[in-house]
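A short write-up of the structure that comes next.
Keep in mind that what you see is a predicted model, and the values were worked out from it rather than measured. Worth knowing before you read on, the calculation uses all heavy atoms, side chains too, and leaves out hydrogens, waters and symmetry mates.
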Amino acid sequence: ERCCGDGGGNLGSSPYLSAAGASRCSVEACGGPNCLENIVSSMRAVGLQDEETLSCMQVVSAVLLLGNITPTEVEEANARAEGQGTSGEASAVDGAGGALRDVASLLTVPPAELATFLGTKAIDAPGGRISQPRSPREAATLRDSVARELYSALFT
């Protein structure tokens, strides 16, 4: 059952929210059949415009979905991007996994850049810059740190 209607401001029909599946939730999960309408109404009451409300919802959705990005998904996206080279970047982006693609869409960054950020580290050496893959543990730690920073940025 859907509980996230458009709240009078058509926020529930946003392509960003629905692309990530964030506009669908159960009545039990969100506290009632009018949960989104109540949230939007409260945000309007404190003076937020619909664009600001949508941006907040996109960031919260991205934070929630970041936890679904696996180190394997990041590795695969980076391997596709490497195999494509710079000229095939669009193909690598199209092949990005679900959670990675959805988070990138919500944050309006290219999926290939998000995958590179999460999956590789650059080290400045005397001969130039060296890139190497992050370990799965490093990638997961960075992913979780990004989620915490994004969430805290909503309140600063």
Side-chain angles (χ1 to χ4, degrees), residues 2-4 6-7 9-26 28-30 35-36 39-40 43 48-156:
R2 290 196 58 158
C3 67
C4 298
D6 72 6
N10 297 318
L11 295 174
S13 62
S14 163
Y16 296 106
L17 291 176
S18 60
S23 67
R24 284 177 258 123
C25 57
S26 68
E28 296 80 27
C30 70
C35 66
L36 184 62
I39 292 168
V40 171
M43 293 177 99
L48 290 176
Q49 300 297 313
D50 284 347
E51 265 186 43
E52 295 166 316
T53 300
L54 179 59
S55 293
C56 288
M57 290 181 181
Q58 284 177 242
V59 170
V60 169
S61 295
V63 167
L64 291 170
L65 289 171
L66 268 164
N68 294 342
I69 298 175
T70 64
T72 303
E73 183 179 0
V74 172
E75 272 181 36
E76 290 171 355
N78 282 329
R80 278 192 303 277
E82 262 182 44
Q84 302 286 329
T86 54
S87 64
E89 189 173 327
S91 298
V93 168
D94 292 341
L100 180 69
R101 184 185 55 246
D102 291 342
V103 170
S105 173
L106 287 163
L107 297 177
T108 64
V109 298
E113 286 185 26
L114 181 59
T116 299
F117 173 75
L118 293 173
T120 59
K121 57 185 169 185
I123 301 166
D124 289 323
R129 196 165 204 163
I130 301 171
S131 292
Q132 67 183 70
R134 293 185 193 277
S135 71
R137 182 180 210 152
E138 288 174 322
T141 300
L142 180 58
R143 175 203 63 202
D144 295 344
S145 295
V146 168
R148 279 191 296 278
E149 288 298 318
L150 281 172
Y151 186 74
S152 69
L154 285 171
F155 302 99
T156 55

**OP:** State which residues pass side chain to side chain contact (heavy atoms under 4.5 Å, CB included) with Glu75; sequence neighbours excluded, sorted by chain then number.
**Re:** Pro136
Original post:
What residues form a side chain to side chain contact (heavy atoms under 4.5 Å, CB included) with Leu150, not counting sequence neighbours?
Top reply: Val59, Val63, Leu66, Leu107, Val146
Subject >> Worked check of side-chain contact (heavy atoms from CB on, under 4.5 Å) between Ile39 and Met57 >> reply: CA-CA 10 Å; Ile39 292 168; Met57 290 181 181; 4.0 Å; yes
Original post:
Which pairs count as ring pair (Phe, Tyr, Trp, His ring centres under 6.0 Å) when at least one residue sits in residues 120-141, sequence neighbours excluded?
Top reply: none
**OP:** With sequence neighbours excluded, give me every salt bridge (charged side-chain N to carboxylate O under 4.0 Å, His left out) pair touching residues 142-156.
**Re:** none
**OP:** Return the set of residues passing salt bridge (charged side-chain N to carboxylate O under 4.0 Å, His left out) with Glu138 (not counting sequence neighbours), or none when no residue passes.
**Re:** Lys121
**OP:** Using side chain to side chain donor-acceptor pair (under 3.5 Å) as the criterion, list what pairs up with Ser55, not counting sequence neighbours.
**Re:** none
Original post:
Taking only residues two or more places apart in sequence, or in another chain, which ones meet Glu52 in a side chain to side chain contact (heavy atoms under 4.5 Å, CB included)?
Top reply: Leu48, Gln49
Original post:
If you measure from CG on Leu100 to CG on Leu118, what distance do you get to the nearest 0.5 Å?
Top reply: 7.0 Å
**OP:** Please list all pairs passing the ring pair (Phe, Tyr, Trp, His ring centres under 6.0 Å) test where one or both residues lie in residues 126-148, with sequence neighbours left out.
**Re:** none
**OP:** Can you see which heavy atom on Ala62 is nearest to which on Leu106, and at what distance?
**Re:** N-CD1, 3.7 Å
Original post:
How many angstroms lie between CD in Glu73 and CG in Asn78, if you round to the nearest 0.5 Å?
Top reply: 11.0 Å
Subject >> Residue list, ring pair (Phe, Tyr, Trp, His ring centres under 6.0 Å) with Tyr151, at least two apart or on another chain >> reply: Phe155
Original post:
Between CD of Gln58 and CG of Leu65, what distance do you get to the nearest 0.5 Å?
Top reply: 11.5 Å
Original post:
Sub-3.5 Å donor-acceptor pair from the side chain of Ser105 to the main-chain atoms of Arg101, do we have one?
Top reply: no
Can I get a per-line list of side-chain donor-acceptor pairs under 3.5 Å for residues 122-133, giving both atom names and the distance, sequence neighbours left out?
none

Original post:
Any idea which heavy atoms bring Thr120 and Thr116 closest together, and the distance?
Top reply: OG1-O, 2.7 Å
